[in-house]
Amino acid sequence: MCGIVGYTGKQKAAPLILEGLKRLEYRGYDSAGVAVPAGDHFNVAKKTGRVANLETIAARHKLLGHCGIGHTRWATHGGVTDANAHPHVSSDGKIALIHNGVIENFTSVKKFLLEKGFTFQSETDTEALCNLVAYHYAKEAMVEGDSRLLESVRKTLRHIEGTYGIVVLSLDMPDELVCARKGSPLILGIGDGENLVASDVSALVSRTQNVVYLKDGELARLTPDSFSLSTINEGEIEAVIDTVTWSITDAEMGAYAHFMEKEIFEQPLALENTMRGRFSEDGSTALFGGLNLSAAEFRQIDRFMFCACGTAWHACLVTEHLIERFARVPVEVDYASEFRYRNAPLHPNTLFFFMSQSGETIDTLAALREAKRKGFRVLAVNNVVGSTIARETDGGIYQHVGPEIGVASTKAFTSQLLIGAMMALYIGRMRDMSFSDGAAYVAALKGAPDLVRTVLQQAPHIRKIAERFSTYTDMLFLGRLSLFPIALEGALKLKEISYLHAEGYPAAEMKHGPIALISERCPSVFFVTKGEMFPKVVSSMQEVKARKGLIIAICTEGLELPDGLADELIVIPDCHEAVLPIVATIPVQLLSYYIAVNRGCDVDKPRNLAKSVTVE
Ligand code: M6R
C-alpha cells in the first residue's frame, strides 16, 4: 500500500525522490519521508500528512547526496506519527530502510534485537527489520567490498516472515541501494549513469522506460553504473529488461481538476484501446491473444469462476450476468478475500479468472495462488503490465487503459465491463450464438465509446443534480439484472470519495429491509430500462415515492415514466444489453465525483484508502 522510491546516480537524489513520491502518493498518504547518507549519519526528513508537507520540511534539511530513499506510508503497525513514518534508521545509525508490507514475526525479532542492545524509536514492524539488517551488517564486517550490505539483507530476510518490498542504504557504501521483494511490488528503473527502484512504474518513467520487474524472493543491488539480481537462497540470476509503453504525460492531470475527472472523461478512448485489434475479421466474435488456450480447450470448460475485490468484483458480477445470458455457461463470482479461505468445493472443469486493475491486490493474488495450488488453470484481467498477478497467471487479457491514478476506479472499471462483454461474446460464439447475433453484438461494442461520449456531454446537467444532493447523508442505488452491480458500484463510488453513506441493492430487494431507510432525507438512484423489468422497477419507484423519498432516475431514452415519479432525470442511450452496464456507469461516476467536489473532499486521495491494497 505504501509508495517506495530509491535513486542512485549523478543528480541530487532528494528532488527526484520527492517528485517520484508525489507520483506515488495515491498508493498511501498518511506520512512521507526521505533519507540520504551524509558522511557519518543519514539526513532524514519525515512528516505526517501529504508529500507537500514533507517538501516543506525537506527544504530545511541538507539533503544533498546523490543516492537516497523515500517513502509514502499507509499505516499498518503503529499510528500516523512522524516517528512511525519511513525511512527508519537502525539504532547504531548505520542502516536506513523503507518498507512496504507486513512483518508477521516482528515481535520475536524485536525481542531478539532488544536483548542484543538495539533500541527502538517507533511502533513499526519496519524498524525491527531495519535493526536486524544492522545486526547482520555488523556480523558481516569481514565481508570485503561490494557484497556486505547485500549479504546482510539476504541473511536478514531468511529470518523474516511476512511480506515486503524494501530498499536499504548503508553509510559505508553511500551510492549503493539494496532492495528485495516478497509479496509487495518493486521495479528497477535502468537509466544512463543512474539507476532507480520504485513500487510503481509511474515513479520511474520520467527518468527511464527500461525496467526490470523484480519477482518474489529476488534481491537487487544498484549503483549508478551497475545493477545485479540474485535470489534470497541462491546466487546471481539474469535480469530481463522490459520497456514501459506509456510515457510520463499519461500519468499527468493536464487541464483537469482531478485525476478522477480526467479518467472519467478518458473513457471513450480507454474503451477504444481495450477493444483495439480484438475482433475477428468477419466481425462476429472477439479475439484474445494472450489466453494461452486453444479454442478447442476453451470450448471444453464447464464453468467459470471469477475472483476479485472492490470495483473489479462488481465488474465480475456484470460479466457473470453476460456470460450466463449470452453463452449459457454457469459462472460463479467470489470475493477473492473469501475464496482464499473458503475452501469451496469446485467443479473439476472450472476455468478461473482473476480481475484486478493493479494486478497487485494481495487478496486477489492469494486467491489465484490457492486456485493454482489446487491444480486449476488460472487466467487474469489486468491493467498494469508486468504486475505480479499478470506474471503468475497461465494467461490473460490486458486492459490497455493506461495508468489509473485516481484512487476511485473509473476507466479501469468500464474497461473490465467491456472485456467481460467480449468474453461473453467469445464464449457465446463457440456455443449457440449465431453469426448475425455475433455481428450485431460486435457492432454494438464498437459503438460503445460514442455512446459514452454522449452521456459525458450531460456532465453539466449531472453537476446540477449533484448540487441538490450534496448535503444529504444517505443514498440508495437500485437496479436490476446487469444493472444491480452498477448500483453497487454507484454506492461504492459515492461512499469512497464523498464519505456519504450509500448502499446498492437489486431494486426489488429494497422492500425487504432497506425501505426502512427511505424518507425525505434518503434519496434513491434508480436505473430504469425497457423490457420486462420496466414495470417492476416503476413499482419499486412508486414504493419509494409513497414514503416521500426523492428519486434520481437514470433512464434509457424512449421510456415514459409516470408524471412526477422522478425528481431528477438522466437519460442515457438505449443500447445493446452488453453495452448498457458501461453506459449506465457514467452518470453514477459523474454524480459521485461532483458530490465529492461540492463537499470539499479530496477526490483523488480519499481518507483511509490506497490505490492498491497490498496487505491483507
Ligand atoms: O487493483 P484492483 O482492481 O485489484 O483493486 C481492487 C479494489 O481495491 C479497488 O477496485 C477498490 O475497490 C477501488 N478503490 C474502487 O474504486
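By convention here, the first residue in the shown sequence is residue 1. Just follow the structure's listing: the first ligand is 1, and inside any ligand the first atom is 1.
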Does any pair with a residue in residues 455-469 pass side chain to side chain donor-acceptor pair (under 3.5 Å), and if so which ones, sequence neighbours excluded? R468-E568

Heavy-atom nearest neighbour in the protein, as seen from atom 14 (N) of ligand 1, with distance rounded to 0.1 Å: E496 OE1, 2.9 Å

Tell me whether the guanidinium CZ or amine NZ of R607 lies under 6.0 angstrom from the six-membered ring centre of Y499 and within 45° of its axis. yes

for atom 8 (O) of ligand 1, nearest protein heavy atom and its distance come out as V613 CG2, 4.2 Å

Show me which atoms of ligand 1 lie under 4.0 Å from any heavy atom of S356. 1 (O), 2 (P), 3 (O), 4 (O)

Distance filter under 4.0 Å to S409 heavy atoms, resulting ligand 1 atoms: 15 (C), 16 (O)

Below the 3.5 angstrom mark, is there an N/O of T361, backbone or side chain, next to an N/O of ligand 1? yes

Is E104 salt-bridged to K182, cutoff N-O under 4.0 Å? no

Enumerated ligand 1 atoms positioned under 4.0 Å from heavy atoms of V407: 13 (C), 14 (N), 16 (O)

Determine, using heavy atoms of K493 and all atoms of ligand 1, whether some pair is separated by less than 4.0 Å. yes

Does either side chain, that of T388 or that of R181, offer a donor lying less than 3.5 Å from an acceptor on the other one? yes

If the plane angle is over 60° it's perpendicular, under 30° parallel, otherwise tilted; pick one for F304 and F298. tilted

Starting from atom 6 (C) of ligand 1, locate the nearest protein heavy atom and write down its residue, its atom name and how far away it is, to 0.1 Å. C309 O, 3.3 Å

Check each atom of ligand 1 against the heavy atoms of A408 and keep those under 4.0 Å away; list them by number with element. 16 (O)

Looking only at protein heavy atoms, which one is nearest to atom 1 (O) of ligand 1, and what is the separation? S358 OG, 2.6 Å

Within ligand 1, which atoms have a heavy atom of T311 less than 4.0 Å away? 10 (O), 12 (O), 15 (C), 16 (O)

Are K411 and E404 ion-paired here, with the side-chain N under 4.0 Å from a carboxylate O? no

Between ligand 1 and T364, is the shortest N or O to N or O distance under 3.5 Å? no

Any chance the rings of H258 and Y593 have centres within less than 6.0 Å? yes

Are E218 and R391 close enough for a salt bridge, meaning some N to O gap below 4.0 Å? no

Sorted by chain and residue number, the ring pair (Phe, Tyr, Trp, His ring centres under 6.0 Å) partners of F354 (sequence neighbours excluded) come out as F352

Nearest to atom 3 (O) of ligand 1, what protein heavy atom do you find, and at what distance? Q357 N, 2.7 Å

